[in-house]
Colleague: 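Take this structure first; my questions come after.
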Amino acid sequence: MQSLTMTRPDDWHLHVRDGAALSAALPHTARQFARAIIMPNLKPPVTRTAQALEYRQRILQALPAGMAFEPLMTLYLTDNTAPDEIDRAMDSGLIYGVKLYPAGATTNSDAGVTDLRRCYPVLERMAERGMVFQIHGEVTGSDVDPFDREALFIEQILKPLIADVPGLKLVLEHITTRQAVDFVSGAADNVAATITPQHCLLNRGALFSGGLRPHHYCLPVLKREQHREAVLAAATSGSAKFFLGTDSAPHARHDKESDCGCAGCFSAPAALELYATAFESVGALDRLEAFASHHGADFYGLPRNTSQITLLKESWTVPGEFPYAGGSIVPLHAGQQLPWRLQDIQ
Ligand code: NCD
Ligand code: ZN
C-alpha cells in the first residue's frame, strides 16, 4: 500500500495547556485532527463550566488562521463538584466530559478526587444526563508499585463504580495493561477506552534503552511487552470500544530532562504516523480508520467527520525539537524515522 486516504480523525484525549504553550502545541494537533477532547488539568484546574468556556475561547484564538479545529471541552472533577455543575455543563452544549484525576496520580492532579464515593451524587447526575466520565485509572499511594496501579484501580475502584452507577458512560483513558483490555472488552457498551501511540509502540524497556529516557516517561507508565501486545491487539481488533486518544502531554525540554522530570509524551507532531506504524506492524492498517475516525465519535454520540486526510508511504525523520513557550520541546520519536507521512492539506 502506497497511500491511505481516510476520514479525518479526532483525538479523544489531549493536553494543549494554556498561554504560550497552548499557541505552540495546538497547531500540531489541528494539522491532523478535526476535534479533540481537551483535558482540564491546568493550573488552576478547569472545574467550572464558565472556566471551560473561557478556555475554549483561548484555544480558538490560538488557532492559526485558516485551520479548522473544534475543541471539545471537559471539566475537572473534585471532591467539591456540585451536581448542578453537570447541568450547567450539559446545557452549554460545548462540554463533553468530566475527568477523574485521583488526587496525586499525575501532572496537576493535586486538586483531584480523594475518595470517589464522595462524588456519587455528581456521577449519578452525569448518568442521568448522559455526560461521559473520563477516567485516569490509577490508584495512588507510595505503597503501591507504579506498574500495578492501573490493574489495582480496575479491581478497587472501577468494578465497584460500575456496579454502583450502572448507567454511567465512561472511558478508561490511556490504557496500558492486559487487565484493562480484558476489563473493557468484557464490559457493557457504556464502557470504552482510549489508547495512546506510545502504549502501542513501546514497552517499559524504552525507559532505559542505553540510559534513562525521560521523553518516554508518561503516566500511566509504559508496561511489559506482553501488555504492549495486548493494548495494540485491542487497538487493532476492530472493536468499537477502543479508540484513538493520544494523551499528547507537552512539557518543555528542561522540565523533562530534569532531576524530577515531568510525566507526558508530546506525540502531537507525528501522532497519526505513529499509530499507522503500529497498525502496520501487525498488518492492520485497514483498521486504522475505524479506530482513529469512527469509534470515538460514535461513542460520544457525535457525527463522524466528513473531510478526509491522506497518509503517504514516505519515510521522514521526526524533528529533534520544536519551539515551545520561550524554550523547546522534544516530540515522541524525535530524530527517528517513520514510514508514513501525513500529506499536507492543499
Ligand atoms: C499528563 C500531563 O502532563 O498533563 N501526563 C501524562 O503523563 N500523561 C497527565 C495525564 O494524562 O496523566
Ligand atoms: Zn492525559
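Whatever order the structure lists them in is the order used to number ligands and atoms, beginning at 1.
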Colleague: Heavy-atom pairs closer than 4.0 Å: do any link ligand 1 to the side chain of Asn108, the backbone, both, or neither?
Modeller: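 Neither; nothing of Asn108 gets under 4.0 Å from ligand 1.
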Colleague: For the CH2 atom of Trp340 and the OG atom of Ser3, what is their distance to the nearest 0.5 Å?
Modeller: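 Atom-to-atom, Trp340:CH2 and Ser3:OG are 7.0 Å apart.
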Colleague: Using a 4.0 Å cutoff against the non-hydrogen atoms of His13, which atoms of ligand 1 qualify?
Modeller: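 Answer for ligand 1: 11 (O).
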Colleague: Considering only NZ, NE, NH1 and NH2 on the basic side and carboxylate oxygens on the acidic side, decide whether Arg224 and Glu229 come within less than 4.0 Å.
Modeller: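 Here Arg224 does not pair with Glu229 in a salt bridge, since their nearest N and O are not under 4.0 Å apart.
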Colleague: Are the ring centres of His13 and His174 closer than 6.0 Å?
Modeller: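 His13 vs His174: aromatic centres under 6.0 Å.
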Colleague: Would a distance-only check, ignoring hydrogens and angles, find a side-chain to backbone donor-acceptor pair under 3.5 Å from Glu273 to Leu342?
Modeller: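 At least one qualifying donor-acceptor pair exists.
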Colleague: So, are Lys159 and Asp164 salt-bridged, with charged N and O less than 4.0 Å apart?
Modeller: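 No, this pair does not count.
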Colleague: Touching ligand 1 at all, Met39? Heavy atoms, strictly under 4.0 Å?
Modeller: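 Judged by the 4.0 Å heavy-atom criterion, Met39 does not count as contacting ligand 1.
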Colleague: So that I can tick it off, tell me whether Asp10 and Arg304 are bridged by a salt bridge, with the cut-off set at under 4.0 angstrom between side-chain N and carboxylate O.
Modeller: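 The answer is no: the pair does not qualify as a salt bridge.
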Colleague: Atom 5 (N) of ligand 1: which protein heavy atom is closest, and how many Å away?
Modeller: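 Protein heavy atom with the smallest distance to atom 5 (N) of ligand 1: Ala263 O, 3.1 Å.
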Colleague: With the threshold set at under 4.0 angstrom, would you say Glu173 reaches ligand 1 through any of its heavy atoms?
Modeller: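 No heavy atom of Glu173 comes that close to ligand 1.
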Colleague: Would you compute the distance between atom CG of Leu4 and atom CG of Leu311 and round it to the nearest 0.5 angstrom?
Modeller: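 Separation between the atoms: 5.5 Å.
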Colleague: Return the residue, atom name and 0.1 Å-rounded distance of the protein heavy atom closest to atom 8 (N) of ligand 1.
Modeller: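 Closest protein heavy atom to atom 8 (N) of ligand 1: Asp247 OD2, 2.7 Å.
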Colleague: Only heavy atoms of Gly264, strictly under 4.0 Å: list the atoms of ligand 1 that pass.
Modeller: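 Those of ligand 1 that fall under 4.0 Å from Gly264 are 5 (N), 6 (C), 7 (O).
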Colleague: Which atoms of ligand 1 have any heavy atom of His136 under 4.0 Å away?
Modeller: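 Going through ligand 1 atom by atom, the ones under 4.0 Å from His136 are 12 (O).
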Colleague: So which of Phe291, Tyr275, Phe299 actually passes ring pair (Phe, Tyr, Trp, His ring centres under 6.0 Å) with Phe243?
Modeller: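 Only one option passes, and that is Phe299.
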Colleague: Protein N/O/S atoms under 2.8 Å from the Zn ion (ligand 2): how many?
Modeller: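 Excluding waters, the total comes to 3.
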Colleague: Would you call Arg17 a ligand 1 contact, heavy-atom distance under 4.0 Å?
Modeller: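 A heavy atom of Arg17 does come that close to ligand 1.
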Colleague: Going hydrophobic residue to hydrophobic residue with side-chain gaps under 4.5 angstrom, can you get from Val221 over to Phe153?
Modeller: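 No; tracing contacts between hydrophobic side chains, which count when under 4.5 Å, never links both residues.
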Colleague: Below 4.0 angstrom from a heavy atom of Cys218, which ligand 1 atoms are there? Numbered from 1 as shown, please.
Modeller: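 Within the 4.0 Å cut-off of Cys218, ligand 1 contributes 7 (O).
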Colleague: Show me which atoms of ligand 1 lie under 4.0 Å from any heavy atom of Ala249.
Modeller: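 The list of qualifying atoms is 1 (C), 2 (C), 3 (O), 5 (N).
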Colleague: Quick one: do Glu314 and Arg341 make a salt bridge, cutoff under 4.0 Å?
Modeller: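 Arg341 and Glu314: salt-bridged.
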Colleague: Are any of the N or O atoms of His15 closer than 3.5 Å to those of ligand 1?
Modeller: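 So ligand 1 has an N or O lying under 3.5 Å from an N or O of His15.
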Colleague: Among all protein heavy atoms in this structure, tell me which lies nearest to atom 7 (O) of ligand 1, with the distance rounded to 0.1 Å.
Modeller: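 Here the closest protein heavy atom is Leu219 N, 2.8 Å.
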Colleague: Return a yes/no value for Lys99: is any of its N or O atoms, backbone included, closer than 3.5 angstrom to an N or O of ligand 1?
Modeller: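 Not met; the criterion fails.
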Colleague: May I ask you to identify the nearest protein heavy atom to atom 9 (C) of ligand 1, giving residue, atom name and distance to one decimal place in Å?
Modeller: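 Nearest protein contact, heavy atoms only, for atom 9 (C) of ligand 1 is Thr106 OG1, 3.3 Å.
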Colleague: Less than 4.0 Å between a side-chain N and a carboxylate O, is that true for Arg149 and Asp145?
Modeller: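 A salt bridge is absent here (no side-chain N lies under 4.0 Å from a carboxylate O).
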Colleague: Any carboxylate oxygen within less than 4.0 angstrom of a Lys/Arg side-chain nitrogen, looking at Glu85 and Arg48?
Modeller: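 Salt bridge: yes.
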Colleague: Indicate yes or no for a side-chain donor-acceptor contact from Ser293 to the backbone of Thr7 under 3.5 Å, with no hydrogens or angles considered.
Modeller: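 Present.
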Colleague: Look only at interatomic distance and state if Tyr217 has a nitrogen or oxygen under 3.5 Å from any nitrogen or oxygen of ligand 1.
Modeller: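 No; every N/O pair is 3.5 Å or more apart.
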Colleague: Does the His295 side chain pair with the main chain of Phe242, one donor and one acceptor, at a distance under 3.5 Å?
Modeller: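 Here the side-chain-to-backbone pair exists.
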